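Whatever order the structure lists them in is the order used to number ligands and atoms, beginning at 1. Residues: numbered from 1 along the sequence shown. FYI, side chains are in, hydrogens and waters are out, and symmetry mates aren't considered; it's all heavy atoms of this structure. Worth saying up front: this structure is predicted, and the values here are computed from it rather than measured.
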Amino acid sequence: MDKQRLVQTAQALVAEKKGILAADESSGTIKRRFDSINVESTEENRINYREMLFRTAGVSDFISGVILFDETIRQNGADGTPLVKILTDNGMIPGIKVDKGTVALPGAPDELVTEGLDGLRDRLNEYVKLGARFTKWRGVINISATTPTPYGISVDAHALARFAALSQEAGLVPIVEPEILRDGDHSIERSFEVTEETLREVFEQLAQQKVLLEGMLLKPSMVISGGSAAQRAEPEKVAEMTIECFKRVLPAAVPGVVFLSGGEPDDSVTSNLNAINQLAPNVDAPWQLSFSFGRSLQGAPLAAWAGKAENVEAATVAFFTRASLTSAARQGIYHKEKSAV
Ligand code: 13P
């Protein structure tokens, strides 16, 4: 394991002003995204859409790296150039989602476990040859009256640490993603409690499995009210509770946090990220607090594109705009009113 290279890559992914584009939708997820704009999920459409994002001029001022899906890392663009080369030529670092999605956890109704550890070492070595420099694995935690259970949290944390250790062995920076779903009407206090318990267990497992904290990134949810809660906490409260929670459980050696957007509306997720970055210097938060958004970077360009070649320019502008606003929020200089177009 080349520790120095891991540390350098992790730091580059959370370089000043920059964060990550999550473009690693699985076949099922990209089909749902395309369904929402009435576009068929053919291989050609998937390539055209993703190539358009990756070629966006100047977007590497805001986007450090892109997480790809297994299919995408092997594909070529319209002129035959590999999509990975298009990305690197445009100044971004290629990464790869390596989990194989979730299945029901036996003996635990309403809880999930993530699959994909069998054969992972070989897959990682292949991804290195295909140009990947970092990896992602997503564990899913559901908040309800009866979940998560300590059992559910522990299997997710164990798998995340197995994945992270194997990634670092292969020279790849792991992005450890324990996603706490926003679904439900729970309070922000409940989100805090579950986030604290989950991250505590994740970092316990990462330590046991000898993961180099300096050479990884954490991709968590923000501490927020449930999506259907009657009273949803304001960005200032989200910032306060998110950082307070992290201070309890997130070691300072981890260079950065790259939040997921989780289906939260663009406005809200951008304001929350902005509030977090406004508060961070005042409370000596030791980590970069950045983003690894899927929906919040892609919703606008996807809608503008609608599968039509004549919309490529408008969609590119929409993607660039979302990336620049998200970068502003990552620096704590986002102005919601000024950005309204
Ligand atoms: P969202 O930002 O849409 O939640 O996607 C991020 C991601 O990579 C989820 O695994």
Just to verify, which of Ile188, Leu260, Ile276, Ile180 counts as forming a side-chain contact (heavy atoms from CB on, under 4.5 Å) with Met222?
Ile276
Do the charged groups of [X] and [Y] touch, with an N to O distance under 4.0 Å?
| X | Y | value |
| --- | --- | --- |
| Arg232 | Glu264 | yes |
| Arg330 | Asp61 | no |
| Glu193 | Arg190 | yes |

Can you figure out which of Ala23, Ser221, Ser261 has its heavy atom closest to atom 1 (P) of ligand 1?
Ser261
For [atom], the protein heavy atom that lies nearest, with its residue and separation:
| atom | answer |
| --- | --- |
| atom 5 (O) of ligand 1 | Gly294 N, 3.5 Å |
| atom 10 (O) of ligand 1 | Lys136 NZ, 2.6 Å |
| atom 9 (C) of ligand 1 | Glu177 OE2, 3.2 Å |

Say whether Lys219 and ligand 1 are in contact under the criterion: heavy-atom distance to a ligand atom below 4.0 Å.
yes
If you measure every N/O of Ser296 against every N/O of ligand 1, is any gap under 3.5 Å?
no
Please confirm whether Gly262 comes within less than 3.5 Å of ligand 1 when only nitrogen or oxygen atoms on both sides are compared.
yes
What part of Arg138, side chain from CB on, backbone N/CA/C/O, both or neither, has a heavy atom under 4.0 Å from ligand 1?
side chain
Give the atom numbers and elements of ligand 1 that come within less than 4.0 Å of a heavy atom of Ser292.
6 (C)
State the atoms of ligand 1, each with its element, that fall below the 4.0 Å cut-off from a heavy-atom position in Phe293.
2 (O)
Any side-chain donor near an acceptor of the partner, Gln75 and Glu51, under 3.5 Å:
no
Parallel, tilted or perpendicular: which describes the rings of Phe259 and Phe246, with under 30° parallel and over 60° perpendicular?
parallel
Parallel, tilted or perpendicular: ring planes of Phe34 versus Trp305, cut at 30 and 60 degrees
tilted
